[in-house]
Protein chains: 2
Amino acid sequence: MARRRQAVTIKHVAADAGVSLQTVSRVINNEPNVRAEMKQRVQASIDKLGYVPSIAAQRMSGSRSYLILAINDRERTIADWRARQGTDWVDQMLLGGMLKCAEHGYRMIFELIDTHDDHVERELLAAIAALQPDGIILTPPHSDNPQIVAFLAGQNIPFVRIGSHEDGAGIPLSMDDEGSARTATRYLIGRGHARIGFIAGSDEYNLSGWRVDGWRAAMAEANLPTEALLEAGDFSYASGERAARRLLQLPQRPTAIIASNDQMALATLEVARDLGLTVPDDLSVISFDNTPLVHFTQPPLTAIDQPIAATASRAVELIIAAQKGEERPAELTVISADLVERGSVAPPPASIR
Amino acid sequence: MARRRQAVTIKHVAADAGVSLQTVSRVINNEPNVRAEMKQRVQASIDKLGYVPSIAAQRMSGSRSYLILAINDRERTIADWRARQGTDWVDQMLLGGMLKCAEHGYRMIFELIDTHDDHVERELLAAIAALQPDGIILTPPHSDNPQIVAFLAGQNIPFVRIGSHEDGAGIPLSMDDEGSARTATRYLIGRGHARIGFIAGSDEYNLSGWRVDGWRAAMAEANLPTEALLEAGDFSYASGERAARRLLQLPQRPTAIIASNDQMALATLEVARDLGLTVPDDLSVISFDNTPLVHFTQPPLTAIDQPIAATASRAVELIIAAQKGEERPAELTVISADLVERGSVAPPPASIR
DNA sequence: GTGAAAGCGCTAACAA
DNA sequence: TTGTTAGCGCTTTCAC
């Protein structure tokens, strides 16, 4: 392979327009102190020659790299990819993140990092040193990983922590898990349910706790009991199955169950079927995440939509703002989630009501 | 934001090891002409200081960028992302491509380009000039787009055309669509089916035609008629619905249908239900792609698995090999697909058999 | 086998 | 408002 050099450089443009390199640079970067006429002339040459600045060279000379790193958990992401169950977290991140990046002339680079690895810092450093990104987006469970947060804080690089409430280095960006759980719970209460079970997600994710909190809060405000109605899960189908079985075999079984993700809701549907319960007539189910599978279940699942695309998009905006030297927002940024109504919720059965 | 400079550079390493810059560079790039002892000393300094070479600087001085661009069709990709139907083409590409890249110290950058846009060249040029990738992976329908292929050929950059048979610039890499269609058809014939309908995909994709060819070939070799059994679709659910309805309302309806993708197979299932036909007892269905939804249909779909991850992985290998100056393979590289058996195929109904 | 010098494309700092 | 100079971190010559 022959070595490739930039075909058209700033030099060609400068020569063509009959100006200095610096003037071209100013035009590229939209800097002030260039006369309109000059600017136009340079722009004409740029267009004529099809010039595009080299990110490498820009980065080299100490300017921006126009690269934003989106970091996800390696193990979980690869497991999801291999499972092919339709989990589309990555797709939604790209949808929101890439498009927003493109709007601002940035590019999003997707990276996988091990949460548990004792080389986290080395992995991160490698990515940062190699790519020199202008900002980093952290997703759960990395967002609250003290080691990662501390390391990034020391790198003097703007970063957003998606799904985090904690103060500290970096910009936290919440998807309002507690509020969503409250919304789902109130929705069920509004339809007459009083015994509402909850299947929690993995402890490794802070959002699991927040979702439980929201459920508890909504139950409390309606003076409804929660005892024995909380079951631990870990987001896996198997854990959802176990949890659902325990809940549905309670002497006084719940008339509705909220599952902390779609897989566990799917398992709940299956257990209900197995026990001869019809959804939604005998049992109502609400799930979290709203991944593609909600369309395909029998009945389709009413679900809390995790606004991943919107969140990633906002994260990019926050990073670009930070890049420009703007202050980080004083308040925690919250992207709220909607409840999408489908077919898995009905009033509780008359016999129990 | 303060300007960030590389924390540890080749200079620091050179100073620490007491050698010249050049020697460090040689060690980094694993070049010959360095004594083992020297190499070891330098490597020790690299590890100690946590040095990682800057891709920007490497690229600047005319070496590789260690970046591989994966290009997908913007319109279709975004539509899939928004539809949230679980299409996981992108995920599978990342799975295969990113992991293989990581193995070789490369990174995969995912880009979207408009097929129809008259600015294709400009968009491509922008990506290439900005990123200076070492290679490009084209996916359908870009793989056989003459404008794109011609443009890339002129850029002196290795590129792979996934899902392409055509000779010419770039390295074609086939997923054996014709063979897969033949496999699916033979599989049905083996189970006793004689009237096998086929729903084709969009003309915009060459693979649509190859799948039809495979079906035709398998039918021909068994001396089975194909007349009236081929219906056009465009990969959309709606088109699948129309096609399935026409096929199933034929005076002599098919006992099996092969749909060129999962969405159209899903539609076929729905039409069958609507017409009072049970799958698989009255009608067998095989779909293409094996996206996540195949698990969730009633019954789960027997499907041809498109080996996207394996193909992306191979594409990366081909590019890295080309980068090293190796000859492109003389033969067309073919990644073959498997048939995954689930619940949508049975022998034809006795009344027809 | 190792080192010194030049230059990649661009921008920051300064000068005019 | 515009141009000049130096240097970013690295690799490629070309000496030694």
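Computation of the quantities below employed the complete heavy-atom set of this structure, encompassing side-chain atoms and omitting hydrogens, waters and symmetry-equivalent molecules. Since this is a predicted model, take the numbers as computed values, not measurements. The chains referred to below are lettered A, B, ... by the order of the sequence lines, with proteins before strands, and numbering in each begins at 1.
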Q. When you measure from every atom of DNA chain D, which of residues 10-26 of chain A have a heavy atom less than 4.0 Å away?
A. A:Val19, A:Ser20, A:Gln22, A:Thr23, A:Arg26

Q) Among residues 32-43 of chain A, which residues get a heavy atom nearer than 4.0 Å to DNA chain D? A) A:Asn33, A:Val34, A:Arg35, A:Met38

Q | Working for side chain to side chain contact (heavy atoms under 4.5 Å, CB included), residues B:Ile162 and B:Met175 | A | CA-CA 8 Å; B:Ile162 286 186; B:Met175 292 208 261; 4.1 Å; yes

Q | Within residues 54-82 of chain A or reaching into it, pairs that qualify as ring pair (Phe, Tyr, Trp, His ring centres under 6.0 Å) - sequence neighbours excluded | A |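 Of all non-adjacent pairs touching residues 54-82 of chain A, those that pass ring pair (Phe, Tyr, Trp, His ring centres under 6.0 Å) are A:Tyr66-A:Tyr106.
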
Grab the [atom1]-[atom2] distance between [X] and [N] for me, whole Å please.
{"X": "B:Glu31", "N": "D:dC10", "atom1": "CD", "atom2": "C1'", "value": "12 Å"}
{"X": "B:Ile28", "N": "D:dC10", "atom1": "CD1", "atom2": "C1'", "value": "8 Å"}
{"X": "A:Ile55", "N": "D:dC8", "atom1": "CD1", "atom2": "C1'", "value": "16 Å"}
{"X": "A:Met60", "N": "D:dA6", "atom1": "CE", "atom2": "C1'", "value": "13 Å"}
{"X": "A:Ile46", "N": "C:dC10", "atom1": "CD1", "atom2": "P", "value": "10 Å"}
{"X": "A:Leu49", "N": "C:dG9", "atom1": "CG", "atom2": "P", "value": "14 Å"}

**Q.** Minimal non-hydrogen separation, A:Val52 against A:Gln6, with atom names
**A.** O-NE2, 3.2 Å

Q: Would you name the heavy atoms of A:Gly135 and A:Ile319 that are closest together and state the gap between them?
A: CA-CG2, 3.7 Å

Q.
Would B:Glu111 and A:Arg107 count as a salt bridge (charged side-chain N to carboxylate O under 4.0 Å, His left out) here? Give the steps.
A. CA-CA 9 Å; B:Glu111 284 267 326; A:Arg107 264 182 180 86; 2.4 Å; yes

Is the distance from OP1 or OP2 of [N] to the nearest side-chain N or O of [X] less than 4.0 Å?
{"X": "A:Gln6", "N": "C:dG9", "result": "no"}
{"X": "A:Tyr51", "N": "C:dC10", "result": "yes"}
{"X": "A:Gln58", "N": "C:dT11", "result": "yes"}

Q: Specify the angle, to 10°, made by the local axes at the two ends of the helix from C:dG1-D:dC16 to C:dA16-D:dT1 when five pairs are taken at each end.
A: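 For the helix from C:dG1-D:dC16 to C:dA16-D:dT1, the axes at either end differ by 30°.
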
Q) Would you find a donor on one side and an acceptor on the other, under 3.5 Å apart, between the side chain of B:Asp88 and the backbone of B:Asp91? A)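 No, B:Asp88 side chain to B:Asp91 backbone: no donor-acceptor pair under 3.5 Å.
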
Listing, residues 7-20 of chain B side-chain donor-acceptor contacts under 3.5 Å, not counting sequence neighbours, or none:
{"from": "B:Thr9", "atom 1": "OG1", "to": "B:Lys11", "atom 2": "N", "distance (Å)": "3.1"}
{"from": "B:Thr9", "atom 1": "OG1", "to": "B:His12", "atom 2": "ND1", "distance (Å)": "3.2"}
{"from": "B:His12", "atom 1": "ND1", "to": "B:Thr9", "atom 2": "N", "distance (Å)": "2.7"}
{"from": "B:Asp16", "atom 1": "OD1", "to": "B:Lys48", "atom 2": "NZ", "distance (Å)": "2.8"}
{"from": "B:Asp16", "atom 1": "OD2", "to": "B:Ser45", "atom 2": "OG", "distance (Å)": "2.6"}
{"from": "B:Asp16", "atom 1": "OD2", "to": "B:Lys48", "atom 2": "NZ", "distance (Å)": "3.3"}
{"from": "B:Ser20", "atom 1": "OG", "to": "B:Gln22", "atom 2": "N", "distance (Å)": "3.4"}
{"from": "B:Ser20", "atom 1": "OG", "to": "B:Thr23", "atom 2": "N", "distance (Å)": "3.3"}
{"from": "B:Ser20", "atom 1": "OG", "to": "B:Thr23", "atom 2": "OG1", "distance (Å)": "3.2"}

Q. Which residues pass the salt bridge (Lys or Arg N to Asp or Glu O under 4.0 Å) test with B:Arg74, sequence neighbours left out?
A. B:Asp114, B:Glu123

Any chance [atom1] of [X] has more than 12 other-residue heavy atoms, nucleotides or ligands included, within less than 6.0 Å?
{"X": "B:Gln40", "atom1": "CD", "result": "no"}
{"X": "B:Glu31", "atom1": "CD", "result": "yes"}
{"X": "B:Arg328", "atom1": "CZ", "result": "yes"}

